[in-house]
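This report refers to the structure that appears directly beneath it.
Computed from a prediction, not measured in an experiment: that's the story for all the values here.
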Amino acid sequence: MLDLSNFDLSTIPVTENMIDAEKVAHVQLQNPLEHALLVLTKTGYNAVPVLDLDGKFCGTISKSVIVEAMFGLEQIEVDQLYDKKVEDVMEEDIPTVRIDDSLEKALHVLIDHSFACVLDHQDKMVGIYTRREMLKQLRNEYYQQRS
């Protein structure tokens, strides 16, 4: 069994293994849904952060939210991809972590979300922390214990 008693998530900063914002696919508030769907499809991600022009985090947009926005009463309304903007349908109530938070806080967010946006104190996104990064750290700790 994995013994994590020496692996204290409350002492490891979330910024230690985050993916820097420059490397993170994102969309902006004013982008049409068509652009957001293209970004999501080309990257293979299910969701990406939404930023304003200053890099401030505003929420996330996902494939499922875009598809739902296209549902009409009797048919799929593809025109919605061009008529609606990201800000019209994005999810805004998304938990985030701050640059001075620990991995323990990120772990709680990652239970329900595939990534957590890491924000500075002006709400600008400086990176993301993913479930994959968390699992890699746990795997590394496990193999260190075995050796």
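- Qualifying salt bridge (Lys or Arg N to Asp or Glu O under 4.0 Å) partners for Lys63, counting only residues two or more places apart in sequence or in other chains: none.
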Only pairs under 3.5 Å count here: list side-chain donor-acceptor contacts from residues 97-104, not counting sequence neighbours, and write none if there are none.
from: Arg98; atom 1: NH1; to: Asp120; atom 2: O; distance (Å): 2.6
from: Arg98; atom 1: NH1; to: Asp123; atom 2: OD1; distance (Å): 2.7
from: Arg98; atom 1: NH2; to: Asp123; atom 2: OD1; distance (Å): 2.8
from: Asp100; atom 1: OD2; to: His121; atom 2: NE2; distance (Å): 3.4
from: Asp101; atom 1: OD2; to: Arg98; atom 2: N; distance (Å): 2.8
from: Ser102; atom 1: OG; to: Glu104; atom 2: N; distance (Å): 3.3

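- Tyr45 and Leu51 fall into different hydrophobic clusters, where Ile, Leu, Val, Met, Phe, Trp and Tyr are joined by side-chain heavy atoms under 4.5 Å apart, directly or via other members.
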Name the atoms and distances for all side-chain donor-acceptor pairs under 3.5 Å in residues 67-78, with sequence neighbours left out.
from: Glu77; atom 1: OE1; to: Gln80; atom 2: NE2; distance (Å): 3.4

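- With sequence neighbours left out, Leu110 forms a side chain to side chain contact (heavy atoms under 4.5 Å, CB included) with Ala116, Tyr129, Arg131, Met134.
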- Item | Audit row: Val27, His35, side-chain contact (heavy atoms from CB on, under 4.5 Å) steps and yes/no | CA-CA 8 Å; Val27 296; His35 176 76; 4.0 Å; yes

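- Here the straight-line distance linking atom OG1 of Thr43 with atom CG of Asn46 works out to 9.0 Å at 0.5 Å rounding.
- For Gln28, the side-chain hydrogen bond (donor to acceptor under 3.5 Å, both in side chains) criterion is met by no residue, not counting sequence neighbours.
- Taking NZ of Lys124 as the reference point, atom CG of Leu119 lies at 12.0 Å (rounded to 0.5 Å).
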- Task: Under the side-chain contact (heavy atoms from CB on, under 4.5 Å) rule, what do Met90 and Leu29 come out as? Steps first, then yes or no, please.
- Result: CA-CA 9 Å; Met90 69 181 195; Leu29 288 169; 3.6 Å; yes

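- In this structure, the separation between CZ on Phe57 and CD1 on Ile128 is 10.5 Å, given to the nearest 0.5 Å.
- Considering every non-hydrogen atom in both Leu37 and Ile66, the closest pair reads N-CD1, 3.8 Å.
- By the 6.0 Å contact criterion, CZ on Arg139 is enclosed, its count of non-hydrogen atoms from other residues, nucleotides or ligands being greater than 12.
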- Report the C-alpha separation of Glu91 and Ser62 in whole Å, then their side-chain angles, then the decisive distance to 0.1 Å, and conclude whether the side-chain contact (heavy atoms from CB on, under 4.5 Å) test is met. CA-CA 8 Å; Glu91 296 175 284; Ser62 65; 3.9 Å; yes

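- With rounding to the nearest 0.5 angstrom, the CD1 atom of Ile94 is 9.5 Å from the CD atom of Glu92.
- Between Thr96 and Val109 the shortest side-chain heavy-atom distance does not fall below 4.5 Å.
- The environment of NZ in Lys56 is sparse: at most 12 heavy-atom neighbours from other residues, nucleotides or ligands sit within 6.0 Å.
- Nearest approach of Val86 to Pro32, heavy atoms of both residues: CG2-O, 4.2 Å.
- Note that the NE2 atom of His108 and the NZ atom of Lys105 stand 10.0 Å from one another [nearest 0.5 Å].
- Here the closest heavy-atom approach between residue Phe115 and residue Ala47 is recorded as CE2-O, 3.6 Å.
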Output a table of donor-acceptor pairs, distance under 3.5 Å, between side-chain atoms of residues 17-24 and any protein atom two or more places apart or on a different chain; print 'none' if there are none.
none

- Message: Between Leu81 and Leu33, does the side-chain contact (heavy atoms from CB on, under 4.5 Å) criterion hold? Intermediate values first, please.
- Response: CA-CA 5 Å; Leu81 286 175; Leu33 290 184; 4.0 Å; yes

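- Rounded to the nearest 0.5 angstrom, Ile61 CD1 and Lys85 NZ are separated by 13.0 Å.
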